[in-house]
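In this chain, residues are counted from 1 in sequence order. No hydrogens, no waters, no symmetry mates; every other heavy atom, side chains included, goes into these values. When a ligand or atom number is given, it counts from 1 through the structure's own listing order.
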Amino acid sequence: MKKAVFPGSFDPITNGHIDIITRALKLFDQIIVAIAYRKEKKPLFSFKERVELAKKSTSNLPNVIVKPFSGLLVDFVRKERACTIIRGLRTISDFDYEFQMAFMNRKLSPEIETVFFLASEEYAYLSASLVKEVAQMGGNLKDFLPQPVIVALQKKIKKEL
Ligand code: PNS
């Protein structure tokens, strides 16, 4: 079975992520959406919330499972018996960061390949941080986020105000 891991902070999962997962499903039998703990970052959604939102948002996609991870990504990939890391590319500005990560992961684990999927043009401008800003200003989120995430984000913002 061709298994791939799609890692990220997913704070929160967006339609851009769902687009990448859908594309990857055409090439892989199973996609593990791996939610990173990341104690150095201060996420809007807790680790548990990010996992729950990703689960709800992918529940209609076959062969997708959501799992939390902490520590090195390559260790998680090995533990899951996968051999591919999936990342999405939106614009040229993503390249630097993505290349650094891919080369570091290759150095750590040469047997694991990183595969990049190009985001759909309609999501090329989409980022979790921009979406959070739009939400805070009361903008319409339906083109950017899965429904469970819209509900959770609006609730969180109301609480913060
Ligand atoms: O969505 P993000 O924040 O761009 O995802 C980055 C992530 C979580 C994939 C990356 O930071 C990561 O792999 N973290 C795990 C720690 C690790 O393995 N670091 C060394 C390789 S870069």
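- Judged by the shortest distance from any of its heavy atoms, Gln100 lies outside the 4.0 Å radius around the atoms of ligand 1.
- Between Ser9 and ligand 1, an N or O atom pair is found at a separation short of 3.5 Å.
- Ring planes of Phe95 and Phe99: tilted class, angle from 30 to 60°.
- With hydrogens and angles disregarded, no donor-acceptor distance shorter than 3.5 Å links the side chain of Ser109 to the backbone of Asn105.
- Contact atoms of ligand 1 toward Gly71: 15 (C), 16 (C) (distance under 4.0 Å to a heavy atom of the residue).
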Carefully, step by step, assess Thr22 and Ile18 under the rule side chain to side chain contact (heavy atoms under 4.5 Å, CB included). CA-CA 6 Å; Thr22 309; Ile18 303 288; 4.0 Å; yes
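- Taking distance alone, with nitrogen or oxygen atoms compared against 3.5 Å, Met101 stays at or beyond that limit from ligand 1.
- Shown here, atom 12 (C) of ligand 1 is out of close reach of the protein: none of its heavy atoms lies under 4.0 Å off.
- Listed by atom number, the atoms of ligand 1 under 4.0 Å from Gly8 heavy atoms are 1 (O), 5 (O).
- Closest to atom 4 (O) of ligand 1 among all protein heavy atoms lies Arg87 NH2, 2.9 Å.
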Given the rule in the side chain to side chain contact (heavy atoms under 4.5 Å, CB included) test, do Gln154 and Leu141 qualify, once you have shown the distances and angles that lead to the verdict? CA-CA 10 Å; Gln154 284 172 340; Leu141 300 169; 4.2 Å; yes
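- Counting the atoms of ligand 1 from 1 in the order shown, those under 4.0 Å from a heavy atom of Leu73 are 13 (O), 17 (C), 18 (O).
- A salt bridge does not link Asp75 with Lys79: every distance from a Lys NZ or Arg NE/NH1/NH2 to an Asp or Glu carboxylate oxygen is 4.0 Å or more.
- Remark: of the listed residues Phe76, Phe10, Phe47, Phe69, Phe47 is the sole one forming a ring pair (Phe, Tyr, Trp, His ring centres under 6.0 Å) with Tyr37.
- If you check the side chains of Ser9 and Arg50, you find no donor sitting under 3.5 Å from an acceptor.
- The proximity of Asn105 to ligand 1, defined as any non-hydrogen pair under 4.0 Å, is limited to the side chain.
- Evaluated for a side chain to side chain contact (heavy atoms under 4.5 Å, CB included) with Val131, the options Val149, Leu126, Asn15 yield exactly one hit, Leu126.
- A salt bridge links Lys132 and Asp11; the closest N-O separation between the charged side-chain nitrogens and carboxylate oxygens is under 4.0 Å.
- In terms of protein heavy atoms, atom 20 (C) of ligand 1 is closest to Leu72 CD2, 3.9 Å.
- Shown in contact with Tyr97 at under 4.0 Å from a heavy atom are these atoms of ligand 1, numbered in order with element: 2 (P), 3 (O), 4 (O), 6 (C).
- Nearest protein heavy-atom neighbour of atom 14 (N) of ligand 1: Phe69 CZ, 4.5 Å.
- Of all the atoms in ligand 1, the ones that sit under 4.0 Å from a non-hydrogen atom of Ala36 are 8 (C).
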